[in-house]
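Some notes on the structure that comes next.
A note on names: the letters A, B, ... follow the listed sequences, proteins ahead of strands, and every chain is numbered from 1.
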2 protein chains.
Amino acid sequence: MTGNRAQQKEKTRRTIIDAAFHLLSQERSYSSLSLREVTREAGIAPTSFYRHFEDMEELGLTLVDEGGVALRQLMRKARQRMREEGSVISTSVETFMEFIHNSPHVFRLLLRERTGNSLAFRKAVSRELQYFVVELADYIQQTQGYPAEEAKVQADAMVILVFNAGAEALDSKSAERKLLTKKAVIQLRYVARGAEGYRKIRKLYHADN
Amino acid sequence: MTGNRAQQKEKTRRTIIDAAFHLLSQERSYSSLSLREVTREAGIAPTSFYRHFEDMEELGLTLVDEGGVALRQLMRKARQRMREEGSVISTSVETFMEFIHNSPHVFRLLLRERTGNSLAFRKAVSRELQYFVVELADYIQQTQGYPAEEAKVQADAMVILVFNAGAEALDSKSAERKLLTKKAVIQLRYVARGAEGYRKIRKLYHADN
DNA sequence: TACTTAAGAGTACAAGTGTAAGCTGAAATT
DNA sequence: AATTTCAGCTTACACTTGTACTCTTAAGTA
């Protein structure tokens, strides 16, 4: 049967990816994984790894990509909820916190590699975060009518604050997570309201446009 | 001569610490350093390492401590400048950015280990950052008269934003660094003004206190 | 001066690493 | 049916790693 072989190969590839994800934990970052460990976990011979990836870096970037996809799916979900429930900030933060709770490996990967050794990794994660920033900036620009530049700065601050709250929430229990969520919501409101304040001032000075 | 031996030992200890700092770079995080690498760089035998530190973790925590000291010195400098120049936010951010520019290893160490593998490291860095948060919260509380809780949330947001701006600035050229400084300053102003907005609302509702 | 202490070096070893080279057998192609 | 392709395996090698053990030698002590 044609394609049977390719199918099997794809399956093994998935096994490797899943094995790598599975090995990530509180005390194991991706950069601390060895090729042999991953293949051991995947149940294949060390040298077979090379049939699927050039090296560990390539596998790692694949993981980051997959993490990014998961994150963007999440964003879609948040948008949907926003339409249903109204409150933009709190639904966004809550959705994000749920994600971290449900897929800690994925978030941890992005979190660690964002400031990790490899430039390629840092760039990849930074790119994923930029998706958020741009999308949020668009939203702010359209619904609140901010100029693009201002909306971007505002969105950037918000994404950083949520991401950091997520990082803190990673290793904490449900009660503490709720507190962190609350804190993040307040912080985002500060940013939103602060930006608004500056917009009003500007309007006062340039009342003609 | 009494104390000569201890003196020599201290000197070697310093050599080890300096060697470790020296090995940190864009592509080498502390957790990726081996004991042998450090001793090689320090010019001592691998096994001599144990005369000074229990293991690599102990050395690492020492580095984090030293980084913290440097950071607190910086804070003192910022306070001094604030008195001279007035503008709290922009002087703070600028001082911080100068620090990152002048001691990138130290900042990189804190940045990476903040989200690293070792819980001990994460806690140590988090503690260093809390010094900033608490001190800044005190300042806000005293000069602007916010309640402690609110000042803390505000300070927390500000420290996160500055720290993240620093992270971005680490690998960037002077021109880009200026832009990042500007962005961070705006973001902090958003937070400050946003917090103020909420305080006014609260006062409106609880006009009796 | 004789004795003790301890920093630092040297040797050695088991355990892990990445990856080159070559083999096997089933799937795909001719 | 004969041939080619290629995913996965085995073996092998040259390294690096942390650290236990032992020795040396100069400083400190009695």
Side-chain angles (χ1 to χ4, degrees), chain A residues 1-25 27-63 112-113 116-121, chain B residues 1-25 27-63 112-113 116-121:
Chain A
M1 235 186 271
T2 282
N4 194 350
R5 181 129 102 187
Q7 210 173 314
Q8 174 54 39
K9 181 169 185 184
E10 181 53 34
K11 209 171 145 192
T12 306
R13 189 186 139 97
R14 252 281 40 101
T15 309
I16 296 175
I17 292 174
D18 290 343
F21 261 125
H22 191 248
L23 286 172
L24 297 177
S25 69
E27 43 279 312
R28 301 300 315 266
S29 69
Y30 181 77
S31 46
S32 80
L33 298 184
S34 75
L35 182 151
R36 287 177 106 109
E37 265 181 300
V38 173
T39 54
R40 218 177 296 136
E41 177 76 19
I44 62 168
T47 47
S48 300
F49 179 91
Y50 297 108
R51 302 285 184 204
H52 302 273
F53 301 96
E54 178 83 9
D55 51 25
M56 283 294 283
E57 170 146 308
E58 196 181 306
L59 168 59
L61 291 175
T62 305
L63 295 192
R112 296 235 165 115
E113 300 313 324
N117 302 336
S118 155
L119 179 62
F121 275 44
Chain B
M1 237 186 268
T2 282
N4 195 349
R5 182 129 103 187
Q7 209 173 315
Q8 174 54 39
K9 181 171 185 183
E10 182 53 36
K11 210 171 144 192
T12 306
R13 188 187 140 97
R14 254 275 46 99
T15 309
I16 296 175
I17 292 174
D18 290 344
F21 261 125
H22 191 249
L23 286 172
L24 296 177
S25 69
E27 42 279 312
R28 301 300 315 268
S29 69
Y30 181 76
S31 47
S32 79
L33 297 184
S34 74
L35 182 152
R36 288 177 105 108
E37 265 182 301
V38 173
T39 54
R40 220 178 294 137
E41 177 76 19
I44 61 168
T47 47
S48 300
F49 179 91
Y50 298 107
R51 303 284 184 203
H52 303 272
F53 302 95
E54 178 84 9
D55 52 24
M56 282 294 282
E57 171 145 307
E58 196 181 305
L59 168 59
L61 292 174
T62 306
L63 295 193
R112 296 233 164 119
E113 300 312 325
N117 301 336
S118 155
L119 179 62
F121 276 43

Rounded interatomic separation in angstrom, taking CG from L59(A) and P from dG18(C): 12 Å
All N/O donor-acceptor pairs, side-chain side in residues 44-53 of chain A, below 3.5 Å, sequence neighbours left out:
none

Answer whether the closest heavy-atom distance between the side chains of R112(B) and Y30(B) falls below 4.5 Å. no
Could you tell me which residues satisfy side chain to side chain contact (heavy atoms under 4.5 Å, CB included) with S118(B), sequence neighbours excluded, listed by chain and number? E57(B), A120(B), F121(B)
Which of these nucleotides, dA28(C), dT17(C), dA7(C), is closest to any side-chain atom of R5(A)? dA28(C)
Of the options dG8(C), dA28(C), dT19(C), whose atoms approach the side-chain atoms of L35(A) most closely? dT19(C)
Give the rounded distance in Å between these two atoms: CZ of R40(B) and C1' of dG18(D). 13 Å
To the nearest angstrom, how far is D55(A) atom CG from dT19(C) atom C1'? 12 Å
Can you check the N4(A) CG to dG8(D) P distance for me, whole Å? 12 Å
Q7(A) has an atom CD; how far is it from atom C1' of dA28(C), in whole Å? 14 Å
Between E37(A) (CD) and dA15(C) (P), how many Å, whole number? 17 Å
Extract all donor-acceptor atom pairs below 3.5 Å that involve side chains of residues 12-24 of chain A and protein atoms in other chains or at least two apart in sequence.
from, atom 1, to, atom 2, distance (Å)
T12(A), OG1, Q8(A), O, 3.2
T12(A), OG1, Q8(A), NE2, 3.3
R14(A), NE, D18(A), OD1, 3.4
R14(A), NH1, E66(A), OE2, 3.0
R14(A), NH2, D18(A), OD1, 3.1
R14(A), NH2, E66(A), OE1, 3.2
T15(A), OG1, K11(A), O, 2.8
H22(A), ND1, E41(A), OE2, 2.9

Each nucleotide N or O in nucleotides 9-13 of chain D that has a protein N or O under 3.5 Å away: list the pair and distance.
from, atom 1, to, atom 2, distance (Å)
dC9(D), OP2, A45(A), N, 2.5
dC9(D), OP2, S48(A), OG, 3.0
dT10(D), O4, T47(A), OG1, 2.7

NZ of K9(A) versus C1' of dC6(D): gap in Å, rounded? 8 Å
Audit row: R28(A), E37(A), salt bridge (charged side-chain N to carboxylate O under 4.0 Å, His left out) steps and yes/no: CA-CA 12 Å; R28(A) 301 300 315 266; E37(A) 265 181 300; 2.8 Å; yes
So, is R13(B) near the phosphate of dG8(C), with a side-chain N or O under 4.0 Å from OP1 or OP2? no
Go through the structure and list residues passing side-chain hydrogen bond (donor to acceptor under 3.5 Å, both in side chains) with S25(B), not counting sequence neighbours. none
Round to the nearest Å and state the distance from F49(B) atom CZ to dG10(C) atom C1'. 19 Å
Under-4.0 Å side-chain N/O to phosphate OP1/OP2 contact, T12(A) with dA7(D): no
Once side-chain hydrogen bond (donor to acceptor under 3.5 Å, both in side chains) is applied, do any residues pair with R40(B), and if so which ones, sequence neighbours excluded? none
